[in-house]
Amino acid sequence: MNSKYETHEHDVLIIGAGGAGLRAAIEALSQGANVGVVCKSLLGKAHTVMAEGGIAAAMANVDAADDWRAHFRDTMRGGKFLNNWRMAQLHAQEAPDRVRELEQWGALFDRTEDGRILQRAFGGHSFKRLCHVGDRTGLEMIRTLQDRGVQMGFDVYMECTTTRLLMDGGRVAGAFAYWRENGRFVVFKAKAVVLATGGIGKAWPITSNSWEYTGDGMALAYEAGAELLDMEFVQFHPTGMVWPPGVQGLLVTEAVRGEGGILTNKNGERFMEKYDPKRMELSTRDVVARAIYTEVREGRGTEHGGAFLDISHKPAEYVKRKLPSMYHQFRELADVDITAGPMEVGPTCHYMMGGVRVDAETAATSIAGLFAAGEVAAGLHGANRLGGNSLSDLLVFGRRAGLGAVEFAKQQAVPAVDSTQIEEAERAMLAPFERNTDENPYSVHSDLQQIMQILVGIYRTEEDLNSAMEGLARLKERVQRLSINGSRMFNPGWHLCADLKSMLTVSEAVTRSALARKESRGAHSRIDYPNLDAAWGKQNNIISLHGDQMNLEQRPTRELLADLQALLADEKGAGA
Amino acid sequence: MPDVLLKIFRGDREGGQTADYQVPVAPGMVVLDALHHVQKHQAPDLAVRWNCKAGKCGSCSAEVNGRPRLTCKTRMDSLPQDKPITILPMKSFPVIKDLVTDVSWNYKVNKKIPGFTPKAGTNWRMQQEDIDRVQEFRKCIECFLCQNVCHVLREHDKHEQFGGPRFFVRVAGLEMHPLDGVSRVGLLKKELGLGLCNITKCCTEVCPEEIHITDNAIIPLKERVVDEYYDPVLRLVRKIRGG
């Protein structure tokens, strides 16, 4: 082990400090483990803070008939049955306890008349199920978890970016990272590592995601030899802002529709009648996103290429109380008063259903000692995620990953890390300073985003996906030539060089998987294969690294247990 | 598109000065968009802290034309375009580089505050009207603009004796939580130096979440400190009990 690097040692190292990472940390701490949390931003700024609508949990506080079975059924239907059913089952069963826990740690949800946690309607949920705080549920959640973790005493390494997982033979041994502030390198040694790094939205230009969402965890896992699952399923949220240009893609919460918002086209037609007459605006996100996209493409879009979303038929005070962020966001950024008139909205890249393949019970990946939870992991949501199921995912599987990591760490000695991998990781990071080319990371990023937006968007064809593969191959060469000026002190251009590497890896995985899946299912819509295909419905796409090549194979899904099968067949209370 | 001149602080702990950048202005553009434009086209190493670009995370605080603001919520068309726009880092915290400041002091203060501790035997029922005022405090996005403008910190550097408005808001949220069972009044008086605040309301004015920091958090907390420490009857009781 090379002593020239700052080194920290923990039983459990958690990469990412959003909902999943913090929940994992709390669980590992409560089991007595020594826990370190590494995060790219300041504590409390992770993407969870932007979640708006709520946490889905069958508490049955508002609709007494709700229970885990109905939540399980809705989740599987929303995911077009490609979900890891065991994850969907555990998630539905455990979410209510995870929400109660948050309340016991100080979270204050909106209340029912009789003083319990209030729940609202949301797309694809057959009962009022989302526990919420106005439209700032994510803030409440992350602050509660953050305060709990601080109180329990975890070590947090803020503004510190991981660029490589360190291995001891076939098992994970820690991570190599740099401090954003001064560019110095740091080595973390750990018996177990939990990835909780979130999604990949920054590979698209129109996205609700923050700069952090560059697919780091998926790329780290892939490079270490782990398997990625069903990477073709990228969720485009139906309602992002479309005007003005600077805010394009910014999220407009589904809670607007949950609270009764109506979608119309420029002719005033309530077009969801054509696409899903039963569920209308509260259809699943894949359906509503395609509906808006189609209305615009066929010439019925608004002035700025979107649809109208109107909640102004509700009393102004009600709108301001239940949707305060939306009210302020539109008033301040778009000069629109949503209590008086409609918003203009259109699809925005929002969430990654695919990701690192994990075991349902323990969140273990295919690499010993490596765990993953939250958006970086795959399985729970299948081909399409229901709104509200992400925050509950973070809590349920964050906790399970923390437990899984501690159980693993208990049985292990401190791993050894040879200095070769560290030196390699350092060389890779320093290379852009040593080159003198005119290849700028910002222009490579823009070009990547254009490819993904135009060729790997809501609707896909073989021809487009093949052109995307060619474009990505050219970008991979350009990334090898990136050059950067200035010092290592807080240098965003240099940071982007590392992030681009992750974005390119996940973009290629998305495109390859999308090419392979010759059907349309959930968020993956192929114009050349517009229907569901029963055979594809029983197969997952698995991406892994073979030598230096990205390998794709299909693997059959696990057969659903008979009693759960019966639940899915039950029509009671569930949407189409 | 018209161009506007930005004067952006470039420098680090050792010092620095503003540098000029011309940026084209698009409809609806915010100051953070302009900073990103500079990064992309002129200065890839310009240090800016940001995350959500939606006013929800509180990362992108800076002083725009002398006013502490979230740059993601400051519209370019709300500023005079015929004059240069000056963008400086928050003054009350040490500069790391360019617009990025060292806000770690805030995280240290936060650690002093005992977290939520439920009363024994609670049944977890709460009425909405009993939590409305706490929900106001919990809107805080930790942008630290209130800390930045508070003169106790900004002019007098009392970082060692004073918690600052952000943490009075946090304590208020805990103290007024209907099910919380511990008192933080001693902490407010001694370690967080609540008495140093002379309610000039600078914090309230800059809060992007429009939290009534002074009226709803600080003044009620000051009343609690007075009740606890200066109420003659209670003082007598404490004396008799030997407290």
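Below, chains carry the letters A, B, ... as their sequence lines are ordered, and counting in each starts from 1. This is a predicted model, so every value here is computed, not measured.
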Side chain, backbone, both or neither of [X] within contact of chain B (heavy atoms, under 4.5 Å):
X: E113(A); value: backbone
X: H328(A); value: side chain
X: F109(A); value: backbone
X: E212(A); value: side chain
X: N209(A); value: neither
X: W211(A); value: both
X: L250(A); value: side chain

Who among [options] has the most heavy-atom pairs with chain B under 4.5 Å?
options: G493(A), G106(A), G138(A), G246(A); answer: G106(A)
options: E181(A), M489(A), Q329(A); answer: E181(A)
options: A46(A), P244(A), P492(A); answer: P492(A)
options: R136(A), R116(A), M50(A); answer: R136(A)
options: D335(A), N485(A), V247(A), L496(A); answer: D335(A)

Point to revise | Rounded distance [0.5 Å steps], CD in E159(A) versus CG in D102(B) | key: 9.0 Å
Point to revise | L139(A) side, atom CG; C140(B) side, atom SG - distance, nearest 0.5 Å | key: 8.0 Å
Of all heavy-atom pairs between [X] and [Y], which one has the smallest distance, and what is that distance?
X: P27(B); Y: P245(A); answer: O-CD, 3.3 Å
X: V100(B); Y: F490(A); answer: CG1-CE1, 3.6 Å
X: D45(B); Y: G486(A); answer: OD2-CA, 3.8 Å

Side-chain contact, heavy-atom cut-off 4.5 Å: [X] with [Y]?
X: R111(A); Y: D130(B); result: no
X: E332(A); Y: L70(B); result: no
X: P324(A); Y: K139(B); result: no
X: L42(A); Y: E142(B); result: no
X: K40(B); Y: H445(A); result: no
X: V133(A); Y: Q135(B); result: yes

Based on non-hydrogen pairs under 4.5 Å, which of [options] is most in contact with chain A?
options: K53(B), Q39(B), K111(B), H36(B); result: Q39(B)
options: H41(B), M126(B), K73(B); result: M126(B)
options: G55(B), G58(B), C72(B); result: G58(B)

Heavy-atom contact with chain A under 4.5 Å, split by part of [X]:
X: N110(B); value: side chain
X: R138(B); value: both
X: N51(B); value: both
X: M29(B); value: neither
X: E209(B); value: neither

Check your understanding: What residues of residues 142-155 of chain A sit under 4.5 Å from chain B when only non-hydrogen atoms are counted?
Key -> R143(A), T144(A), Q146(A), D147(A), V150(A), Q151(A)
Review point. Which residues from residues 86-99 of chain B are near chain A, with near meaning under 4.5 Å between non-hydrogen atoms?
Key: I96(B), K97(B)
Study note, to complete from the structure: Among residues 165-188 of chain B, those lying within the under-4.5 Å heavy-atom range of chain A are R166(B), R170(B), H177(B)
Point to revise | Face-on cation placement of K45(A) at Y107(B) ring, 6.0 Å and 45° thresholds | key: no
Point to revise | Set of residues satisfying ring-ring contact (aromatic ring centres under 6.0 Å, His included) with respect to F137(B), sequence neighbours excluded | key: none
Practice item. Using the side chain to side chain contact (heavy atoms under 4.5 Å, CB included) rule, take V103(B) and M158(A) through it: C-alpha gap first, then chi angles, then the decisive distance, then the call. Key: CA-CA 11 Å; V103(B) 294; M158(A) 296 189 222; over 6 Å; no
Point to revise | Short side-chain to backbone donor-acceptor contact, K56(B) and E52(A), under 3.5 Å | key: no
